[in-house]
Every structure is written in structure tokens, then in C-alpha cells.
Asker: 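One structure coming up, written as C-alpha cells, with questions to follow.
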2 protein chains.
Amino acid sequence: MSMNLPPLVQSFVLHFGEMGSRWGINRTVGQIYALLYVSPGPLCADEIVAALGISRSNVSMGLRELQAWSLVLLKHLPDDRRDFFTTPDDIWLILRTLAEERKKREVDPTLSVLREILMEQPASDIERHAQQRMAEMHNMIERLTTWYDDVKQLDQERLATLLTLGSRVTRLLETTDRIVSLGRKRRPTTKG
Amino acid sequence: MSMNLPPLVQSFVLHFGEMGSRWGINRTVGQIYALLYVSPGPLCADEIVAALGISRSNVSMGLRELQAWSLVLLKHLPDDRRDFFTTPDDIWLILRTLAEERKKREVDPTLSVLREILMEQPASDIERHAQQRMAEMHNMIERLTTWYDDVKQLDQERLATLLTLGSRVTRLLETTDRIVSLGRKRRPTTKG
DNA sequence: CGGTAGTTTCAGAAATTTCTGAAATTACCA
DNA sequence: TGGTAATTTCAGAAATTTCTGAAACTACCG
């Protein structure tokens, strides 16, 4: 059985399928997501089967995984017993969800393992050195995640500002430093 | 054959091995990286074989992949024919490398596929809608990568400032807006 | 109840990825 | 040139992941 889609949609779906493995999901999961993302309305499982040419059970499992990622939502249409599925409309929301889930799965476990190991007493110079390296890694990850936790709260407008400003922010900071004198350089640790 | 490592290092190495699949690398590649990362000096391939208890050829392939990612460097010690390997010391450099490589492999291809598809002429309402969704995705990714390309130029100190400031940046921006009047709201597109 | 439309589960088949040992290759030295 | 130490390649074995069809389950209806 093979795909049955408008050519332009098919290219997109196939690409997501191929990239799937690089993104840590599998081919069909990638395809299902891509299909739902570009579809004008919710689809039911059998429509996905027909569109992608894969087995019903595979679709069921794929949808299950995508729901676990909160990247696909279950919908019910009136007077229809079937389950329908969509992706959230707001692309920024999608991005946040993705970031959130990846952090949860790919970063948090490492952070907690690092913390555990850093509690241990080193028994040799080798171990002492290893701990030091782990501490560096831990600190970096922690700084990044703190920044992320902080920035993710921003509403879309401010996020947009931040994005368009980019690195010019720091130049601005230096100016502000001089003018408003929030500067850490001028007065060491006033800590307001 | 099994591992032969100080317990504290072993925990770290095993964790990186397990996480490997979530990060899009395989178990042994993760382990090799972890081992080199915490080792006090460069190691040669046979030392890695001994430490991790895997085959020589597997180590060779793993190192090859890590070098392709620029996460592991080849070193030569004086009066020694063997190849030795290390990870870069500077953890911020490691982070940049990682970001750069992931972008290259996980984002850029999608961006270019999206561009291609967006050039096509839609042949139906379905395709028109699909293109619109793809355009949203394309724009978002482009904004993010532009921001990233911009911010990655920053030296470490400024990056640190940016990180510790986090979302407070926007509050600061509003203040600055009022004081220095760089504001986009007050005077539309003065563009300095 | 029994029937039906829909969904999920799961054991094993199929496909893919990872790993190994043996052979080939490279680089250096005398 | 031949000898040796180190490294890489690669075909197939082993392990893992993905996918399927059949069976089980769920919920609604008459």
C-alpha cells in the first residue's frame, strides 16, 4: 500500500518521515505529525491510514506517542463516535511544547544524574578530576535551563522583541549600564 | 568483556550510553564521549577499548563519528605513533559546537525543503492551506535561526550576562524604551 | 443482553541499526 | 624493499526498533 496525497503535501510528509530518526522519533510518527500539521481540519485514524498507506495499529501507536508529547490533540466531532486528531494551531505553542518535552526527556535526567554523582566522595585523583568536569557540565546545563525556565514565561510579543533584537541586546545592556547604572562593574555586589 | 572504570566515572559513562539514543547517537558513541570528557588527559583507542570493554573496530567507528561532530579531537603525543583523543576543554565551546552541528543536521535540511515546497504553485485549496502552514513553520524557524546566528557570535562574558539576566531583559527593554527612547512604539522605524 | 463500530494491545515478522572479528590499509622505520 | 605497529574497513552476526495482523477490548445502541 502506498501514499495517497497531493504532491506538495507528500513532499512535506516524506521529509518529516526521513528526518524523524534525527529528531528521535520514528518515520511513521514523523509522517503522521506532518500530515496533521498541514491538514485543514482534524483527521480520524482511518483517514491517516489511507493517506500514508500504513497499518491501522501503527497509526494507533503513532498517535499515542504524539499525544504523550502533547503535539497532537484528540478531538470529538458532534454525532461521530470516532476519535479525530489535530495539531495545535499556534506555532509558538508548538515550539514551547517541543522544547518543554525535549528538556524533560533529554536534559533533566542528565542533570539529576550529575547531581547524584557530585554528592559522592571521590576516592582518587581520577575521580576528583572527573567530578570537576561533571561540575562544569552541571553548572552550564543549570544556567541554560534556568534561563530557559525564565524566558519561556514571556508572552509572544516580548519573545518576538527578544528574538528580533538578538545580540544587539548586549550592546543595549552596556548603554543601560552607563545610564541607569545597574552595573555590576561600577559597584561590586550591591544586589538589589 | 566488561567495563573497567572507577565507580563514579562508570556511572557517568553508563548514563551517557543510555541517553545516547535519545540524543540521536548510539550507546557506545555516548560512552566514548563521556569517557574522554572526564579523563584527565588524552586517551588512545586501546585504552578506550580496555575501559569500556567493546571491540576495537567499534571504538574506531565511534571516534570517527565524534570527530565528524567536532566533539572529539585527534592529538599526537611526542615519540608516540598512536593517535590520542580528547574533548575540547572549554565547555562553552563544546556547547556551541553541539548547537552548530545539530542545527546543520536537524534544522537546515528542513528549512531548505520548506523553501523549495513554498516555491511551488498550489494546485488545490488543500495545497494552498498546506503551504500556508508550512510558511508559518518556515518563518518561525527562520526567526529562531537568525537569532541563533546572531547570538552565537557573542563572547563568553556577554553570553553569561545574557543568560543571568534572562527574561528580565524585556523589563529592562521597556525601561530603556522610556529613557533612551530607542522605542519602536514611540517613533515608528527610526532605525539607527 | 447481542450486535456493531471503533480503538488498543501484543506476539512475532520485517526492517534497521549496531557491533564484531578478520582482512585490508596506512605509515613509519631500517 | 620488507617488517612492524597502528588504524580502518566491511561483511555478516547480534541486538534493537518498528510494523503488522489478529485478537481483545470498549462503548454505545436497540
Side-chain angles (χ1 to χ4, degrees), chain A residues 1-3 13-14 16-36 42-69 72-86 105, chain B residues 1-3 13-14 16-36 42-69 72-86 105:
Chain A
M1 211 189 288
S2 117
M3 283 200 190
V13 164
L14 286 176
F16 262 59
E18 278 168 31
M19 294 303 278
S21 51
R22 296 201 193 173
W23 299 335
I25 57 177
N26 68 39
R27 180 161 64 262
T28 48
V29 171
Q31 292 183 348
I32 293 171
Y33 181 79
L35 176 63
L36 291 174
L43 299 181
C44 73
D46 284 326
E47 290 171 315
I48 299 173
V49 168
L52 301 182
I54 58 181
S55 77
R56 185 55 234 276
S57 50
N58 201 4
V59 170
S60 176
M61 284 170 140
L63 287 169
R64 164 172 281 283
E65 179 167 356
L66 286 166
Q67 283 174 280
W69 278 85
V72 157
L73 306 173
L74 177 63
K75 282 233 165 187
H76 275 115
L77 302 188
D79 297 329
D80 198 325
R81 285 225 245 132
R82 292 171 298 176
D83 292 348
F84 283 77
F85 302 89
T86 18
R105 290 155 213 242
Chain B
M1 211 190 287
S2 116
M3 284 201 190
V13 164
L14 286 176
F16 262 59
E18 279 168 31
M19 294 303 278
S21 51
R22 298 201 192 173
W23 298 334
I25 57 176
N26 68 40
R27 180 160 64 264
T28 48
V29 172
Q31 291 182 351
I32 293 171
Y33 181 79
L35 176 63
L36 291 174
L43 299 181
C44 73
D46 284 325
E47 290 171 317
I48 299 173
V49 168
L52 301 181
I54 58 182
S55 77
R56 184 56 233 275
S57 51
N58 200 4
V59 169
S60 176
M61 285 169 140
L63 286 169
R64 162 172 284 281
E65 179 167 355
L66 286 166
Q67 282 173 282
W69 279 84
V72 157
L73 307 172
L74 177 64
K75 285 233 164 188
H76 276 114
L77 301 189
D79 297 328
D80 198 324
R81 284 226 245 132
R82 292 171 298 174
D83 292 347
F84 282 77
F85 301 89
T86 17
R105 290 154 212 242

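Because the structure is a prediction, the values reported are computed rather than measured. Within every chain, numbering begins at 1; the chains are lettered A, B, ... in the order of the sequence lines, protein sequences first and strands thereafter.
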Asker: CD1 of B/Ile48 versus C1' of D/dT7: gap in Å, rounded?
Answerer: 13 Å

Asker: Kindly list each side-chain donor-acceptor pair under 3.5 angstrom involving residues 19-33 of chain B, sequence neighbours excluded, with atom names and distances?
Answerer:
residue	atom	partner	partner atom	Å
B/Arg22	NH1	A/Arg105	O	2.8
B/Trp23	NE1	A/Glu106	O	3.0
B/Asn26	OD1	B/Thr28	N	3.3
B/Asn26	OD1	B/Thr28	OG1	3.1
B/Asn26	OD1	B/Val29	N	3.0

Asker: What is the separation between atom CG on B/Leu63 and atom P on D/dA6, rounded to the nearest whole Å?
Answerer: 16 Å

Asker: When every nucleotide of nucleotides 21-30 of chain C is labelled 5' to 3' by its protein contacts under 4.0 Å (heavy atoms), B for base, S for sugar-phosphate only, - for none, what sequence of letters results?
Answerer: B-----BS--

Asker: Between A/Met61 and A/Asp83, just flag the one whose closest nucleotide in DNA chain C comes earlier from the 5' side.
Answerer: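 The 5'-side residue here is A/Asp83.
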
Asker: Kindly point out which of C/dT20, C/dT16, D/dT9 is positioned nearest to the side chain of B/Arg64?
Answerer: D/dT9

Asker: Counting side-chain heavy atoms from C-beta on, which of D/dC10, D/dT8, C/dT7 comes nearest to A/Arg82?
Answerer: C/dT7

Asker: Rounded to the nearest 0.5 Å, what's the gap from CG on A/Leu43 to CD1 on A/Ile48? Could you check?
Answerer: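 So the gap between those two atoms works out to 5.5 Å.
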
Asker: Could you state the CD1-P distance from A/Ile54 to D/dT18, rounded to the nearest angstrom?
Answerer: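 My rounded result for the distance is 13 Å.
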
Asker: With B/Phe85 as reference, evaluate B/Glu47, B/Gln67, B/Lys75 under the side chain to side chain contact (heavy atoms under 4.5 Å, CB included) test and give the passing residue.
Answerer: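 The residue from B/Glu47, B/Gln67, B/Lys75 that satisfies side chain to side chain contact (heavy atoms under 4.5 Å, CB included) with B/Phe85 turns out to be B/Gln67.
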
Asker: If you pin A/Arg27 and B/Arg27 to their nearest nucleotides in DNA chain C, which one's is more 5'?
Answerer: A/Arg27

Asker: Hey, is the side chain of B/Ser60 poking within less than 4.0 Å of OP1 or OP2 on D/dT9, counting only N and O atoms?
Answerer: no

Asker: Calculate the interatomic distance between A/Phe85 atom CZ and C/dT8 atom C1'; express it in whole Å.
Answerer: 11 Å

Asker: Specify the separation, in whole Å, of atom CD of A/Glu65 and atom P of C/dT8.
Answerer: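 For the pair A/Glu65 CD and C/dT8 P, the rounded distance is 14 Å.
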
Asker: In whole Å, what is the span from the CG atom of B/Leu52 to the P atom of C/dT18?
Answerer: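 Roughly 17 Å, once rounded to whole Å.
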
Asker: Which ones in residues 17-25 of chain B lie close to DNA chain C, meaning a heavy atom under 4.0 Å from one of its atoms?
Answerer: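 DNA chain C contact set from residues 17-25 of chain B: none.
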
Asker: Ignoring hydrogens and angles, write down the donor-acceptor pairs under 3.5 Å from the side chains of residues 50-66 of chain A, residues two or more places apart or on other chains.
Answerer:
residue	atom	partner	partner atom	Å
A/Ser55	OG	A/Ser57	OG	3.3
A/Ser55	OG	A/Asn58	N	3.1

Asker: When the distance from CD of A/Gln31 to C1' of D/dT18 is rounded to whole Å, what number comes out?
Answerer: 13 Å

Asker: My understanding is that only residues two or more places apart in sequence, or in another chain, count here; which of them pass side-chain hydrogen bond (donor to acceptor under 3.5 Å, both in side chains) with B/Asp46?
Answerer: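 Here no residue qualifies.
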
Asker: Rounding to an integer number of Å, can you tell me how far A/Asp46 CG sits from C/dT8 P?
Answerer: 11 Å

Asker: Is the phosphate of C/dT17, meaning OP1 or OP2, less than 4.0 Å from a side-chain N or O of B/Asn26?
Answerer: no

Asker: Please identify each residue that fulfils side chain to side chain contact (heavy atoms under 4.5 Å, CB included) with B/Leu77, with sequence neighbours left out.
Answerer: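 Only B/Asp80, B/Phe84 meet the side chain to side chain contact (heavy atoms under 4.5 Å, CB included) criterion with B/Leu77.
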
